[in-house]
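These notes are about the structure you will find just below.
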There are 2 protein chains.
Amino acid sequence: MRDGKSHRMEDVAVEAKVSLATVSRVFSQPDLVSEETRQRVHEAAARLRYLPNLMAGSMAGKRSRIVGALVPAIASPIFSETISGLSSVLREARYELMLSQSGYDPEQELSILQAFLGRRVDAIVVAGAVITPPSRELLLNAGTPVVETWELIAEPIDMAVGFSNPDAAAASARFLIDRGYRRLGFIGGTDRRSMQRLEGFGTAVSEAGLAAPQVISIKSPAPSSFMEGGAAMERMLRQDQKVDAVFCTNDLLAAGALFECQRRGLAVPGDVAVMGFSNLDISEVTVPALTTVQVGAREIGSHAAQMILDRIEGQGARPVPLDTGFSIIERQST
Amino acid sequence: MRDGKSHRMEDVAVEAKVSLATVSRVFSQPDLVSEETRQRVHEAAARLRYLPNLMAGSMAGKRSRIVGALVPAIASPIFSETISGLSSVLREARYELMLSQSGYDPEQELSILQAFLGRRVDAIVVAGAVITPPSRELLLNAGTPVVETWELIAEPIDMAVGFSNPDAAAASARFLIDRGYRRLGFIGGTDRRSMQRLEGFGTAVSEAGLAAPQVISIKSPAPSSFMEGGAAMERMLRQDQKVDAVFCTNDLLAAGALFECQRRGLAVPGDVAVMGFSNLDISEVTVPALTTVQVGAREIGSHAAQMILDRIEGQGARPVPLDTGFSIIERQST
DNA sequence: TTGAAAGCGGTACCAC
DNA sequence: GTGGTACCGCTTTCAA
């Protein structure tokens, strides 16, 4: 074990009585090596429990086979399906995922992106869009492939996979209006995606000739979306103008709002309808189950991974932003 | 930009009219460089937008400043607080997190661990214990620091942070019995931790002189724990022997079970009490809120990170397994 | 305080 | 098909 350090390629070469170059070939371009030699090398490697140092490989070769992913919060279930989809596809292709959370903090964001670039990741995926100009600037100059997700950025840094937040929210508003609801409420965060949804929602409401929705805003990041949803619903119900349907920008908020109604003995959707967004697992099981907007969270992740692989392995040109669409799933809460 | 490639230390050296070694010192041991030179180098670096290649640094130095974390499923909220805690502490110390999911698949587990070791991570954290002997073997031989979490392994590979699953489940059983429940049910997975909880639970029940609990097992990994919890509760209610309280090995299962009761018009805890485990956000907001077991998920992660840092940076000897304990949080569901 | 140079563990091009 | 070897970009003695 060479003084506590693991074996290297040269040790295998000696053990197999071949040159260093041959060992390298056995692992990266086996076709160029004779069956017999290959055999000998593999045996030698196994005997020494040799594990190629991929770090050294990355450095000599051109790529690290590492993709960096940046999310607002690791513990939030909102993006975790996306990360899971991303991870699955990447692993399949023998890439690893480096994950970090910004907490919606611009400084953290920048610092994490710098760390990723410093590590020479082959690509960066951000859940949502990059928040600040400095981060954007950094990424634009770096030349590393970047995928922004969960929204169709007007001018993405590089690639983008997602859906139109304004459109999805507008469709939600129209859905509620079609069901006969007239006094709408909107519960959402202050992050960019939430604001876009608010905009689409408001537009659709006014186009229908209805009064502007009652809006309750929650400062992101929230400690617990469930609790925030409950608190927001409470504030909503305290307003002078009563609402008959409330749209929440994610299912956690919606579930929290629903539970708050249950706590107050309000019938959902009888007294007030509740609609969520994202189609998280929870939306399917609450009583009543939540009407929500399906956005293909997992697919966003797997598509992001595929775009990256195409770009890196193929000579893929820069693709147009990929619209994964959305669809409303009607359940019992509306 | 040197033909599309980012600048390297030598470019900065030239720009600042100093030697390569000096630039290196400015970044890693600034005290050894005169104030003036340091200034010049920093300016040159800024001018070139120089970002040190940490990969090359890792290779020349002794450590990668990367920690690998392995979880059963990224999208499961069970371990995400732990990962978040881990990530936060590591970032603070300028380490990055490499994350991968095994899906409880032994082959994936082994393959991921090999990938981590191949990347020469400075340490590995596993959510839960390593599943198979080959993985264990690999880790034992590698000499890389390992932290197993969420249980107090009898013979950990290296370090361990967690709590006693049998004890926590036994305490839960006694809690229910103290509250007057007599016909207990147990809903859990087939993974190791669940089995340990079942064991502790069963022992406590029999020590109280009660009939063995009704057990419903769910094959891990489950697609959605909420749904599985509901389905399990349904099966539980269909048994001949009626239960008056059901313990679930996590809050997702418990919430699913609770919703199933609501769907069937059963009063909780009137007709049947439901108790969860882990104290996830959801347990606090359901109606009724779920009695559960607090296990300090986030602390497990931050402690794991701290143990790693102590080991790597200090010469920390191998610490004894760290018991983070548990406590029962009584809410309205029991 | 600064500089020269020998690695770190691979990759890949060029000969043979 | 195999071997020799010049890097990849940084860290770290060792001298000056």
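Note that the coordinates shown come from a computational prediction; the quantities given were computed from them, not determined experimentally. Chain letters run A, B, ... following the sequence lines, proteins first, then strands; residues in each count from 1.
At the heavy-atom level, B:V18 lies under 4.0 Å from the strands shown only through sugar-phosphate atoms. Among the heavy atoms of the strands, none lies under 4.0 Å from A:S58. No contact: A:F27 has no heavy atom under 4.0 Å from any strand.
Partner B:L99 forms a side-chain contact (heavy atoms from CB on, under 4.5 Å) with one of B:I83, B:L86, B:L70 and no other, that one being B:I83. With A:T149 as the fixed residue, the side-chain contact (heavy atoms from CB on, under 4.5 Å) test singles out one of A:I300, A:L322, A:V126: A:I300. With B:W150 as the partner, the side chain to side chain donor-acceptor pair (under 3.5 Å) test is satisfied by one option alone out of B:T82, B:N165, B:T324: B:T82.
Rounded to a whole Å, the CE atom of A:M9 is 6 Å from the C1' atom of C:dG10. Remark: P of D:dC8 and CG of A:N53 are 18 Å apart, rounded to the nearest angstrom. In this structure, B:R63 places its CZ atom 12 Å from P of D:dT11, rounding to the nearest Å. Per the geometry, CD belonging to A:E35 stands 16 Å off C1' belonging to D:dT2, to the nearest Å. Rounded to an integer number of Å, the gap from CZ of B:R119 to P of C:dG10 is 13 Å. Between the C1' atom of D:dC7 and the CZ atom of B:R8 lies a distance of 10 Å, rounded to the nearest Å. Between A:D11 atom CG and C:dC8 atom C1' the separation is 13 Å, expressed in whole Å. For the pair A:M55 CE and C:dC8 P, the interatomic distance rounds to 17 Å; values are reported in whole Å.
Under the 3.5 Å distance criterion, the side-chain polar atoms of B:Q101 are matched with a main-chain donor or acceptor of B:I74.
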With 3.5 Å as the limit, what N/O pairs link the protein to nucleotides 12-16 of chain D?
from	atom 1	to	atom 2	distance (Å)
D:dT12	OP1	B:K62	NZ	3.3

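With sequence neighbours excluded, the residues satisfying ring pair (Phe, Tyr, Trp, His ring centres under 6.0 Å) with B:F27 are B:H42, B:Y50.
Residue pairs meeting the salt bridge (Lys or Arg N to Asp or Glu O under 4.0 Å) criterion with at least one member in residues 82-94 of chain B, sequence neighbours excluded: B:R91-B:E96.
Between B:T22 and C:dG3 there is a side-chain N or O to OP1 or OP2 distance below 4.0 Å. Contact annotation: A:K5 reaches the phosphate of C:dG9 (side-chain N/O to OP1 or OP2, under 4.0 Å). Between A:Y50 and C:dG9, a side-chain N or O to OP1/OP2 separation shorter than 4.0 Å is absent.
There is a side-chain donor-acceptor pair under 3.5 Å between B:S84 and B:R298.
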